[in-house]
Amino acid sequence: MSTQDRSPATLTLEQAYRAAFYMVDQYIALEERPDEGLVLLWQYMQSDPARWTDWLASVQRGLDDVNSIEPHE
């Protein structure tokens, strides 16, 4: 069974945030010398008080602009 088979069709905003964090975390762990900007994003996603408000704004932007980025390509 693949990971995709076990994934729910929808995520809560909190689950989606954690997924985004873990994607950044995974990339940093794989890189021998990760980009400083990505490390700063990773730190921001863990500790900046504005992160939740910024996340909600990003989610809304994604909902409003359905043609900008295709995640399956």
Side-chain angles (χ1 to χ4, degrees):
M1 177 184 280
S2 73
T3 302
Q4 188 175 18
D5 295 336
R6 295 188 315 243
S7 299
T10 60
L11 299 174
T12 66
L13 291 173
E14 291 87 357
Q15 291 169 323
Y17 186 90
R18 282 193 299 274
F21 173 81
Y22 289 133
M23 184 159 183
V24 174
D25 185 64
Q26 176 181 331
Y27 182 83
I28 287 172
L30 291 173
E31 291 296 307
E32 185 175 319
R33 294 175 49 203
D35 179 76
E36 182 180 352
L38 199 53
V39 172
L40 290 173
L41 172 63
W42 181 78
Q43 292 170 342
Y44 156 83
M45 290 181 79
Q46 293 183 80
S47 61
D48 192 300
R51 69 186 179 266
W52 188 248
T53 302
D54 293 346
W55 174 252
L56 294 177
S58 296
V59 168
Q60 189 59 55
R61 184 177 176 193
L63 291 170
D64 293 342
D65 191 8
V66 298
N67 297 317
S68 64
I69 298 173
E70 176 55 51
H72 302 289
E73 290 182 354

For this session: Nearest 0.5 Å please: distance from the CG atom of Leu41 over to the CD atom of Gln46.
Result: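 Answer rounded to 0.5 Å: 10.0 Å.
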Problem set entry | Between CG on residue Leu40 and CG on residue Asp35, distance to nearest 0.5 Å | 8.5 Å
Problem set entry | Test item: Leu13 and Trp52 side chains (from C-beta on) under 4.5 Å apart, heavy atoms | yes
Exercise. Checking side chain to side chain contact (heavy atoms under 4.5 Å, CB included) for the pair Tyr22/Gln26: CA distance, chi angles, key distance, verdict?
Worked result: CA-CA 6 Å; Tyr22 289 133; Gln26 176 181 331; over 6 Å; no
Exercise. Can you name the nearest heavy-atom pair linking Pro8 to Leu11, along with the distance?
Worked result: CG-CD2, 3.7 Å
Problem set entry | Distance-minimising heavy-atom pair for Met45 and Arg51 | O-CD, 3.1 Å
Exercise. Are Tyr44 and Ile28 connected, step by step, through hydrophobic side chains (Ile, Leu, Val, Met, Phe, Trp, Tyr) whose heavy atoms are closer than 4.5 Å?
Worked result: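 Shared cluster, yes.
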Exercise. So if you build clusters from Ile, Leu, Val, Met, Phe, Trp, Tyr with side-chain heavy-atom gaps below 4.5 Å, do Met23 and Trp55 land together?
Worked result: no
Exercise. Should we say atom CD of Glu36 is surrounded by more than 12 heavy atoms from elsewhere, each under 6.0 Å from it?
Worked result: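 Atom CD in Glu36 is not packed in, count stays at 12 or less.
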Problem set entry | Over 12 foreign heavy atoms within 6.0 Å of OH, Tyr27 |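 No, not enclosed.
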Problem set entry | Ring geometry between Phe21 and Trp42 (parallel below 30°, tilted from 30 to 60°, perpendicular above 60°) |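 Geometry flag for Phe21 against Trp42: parallel rings.
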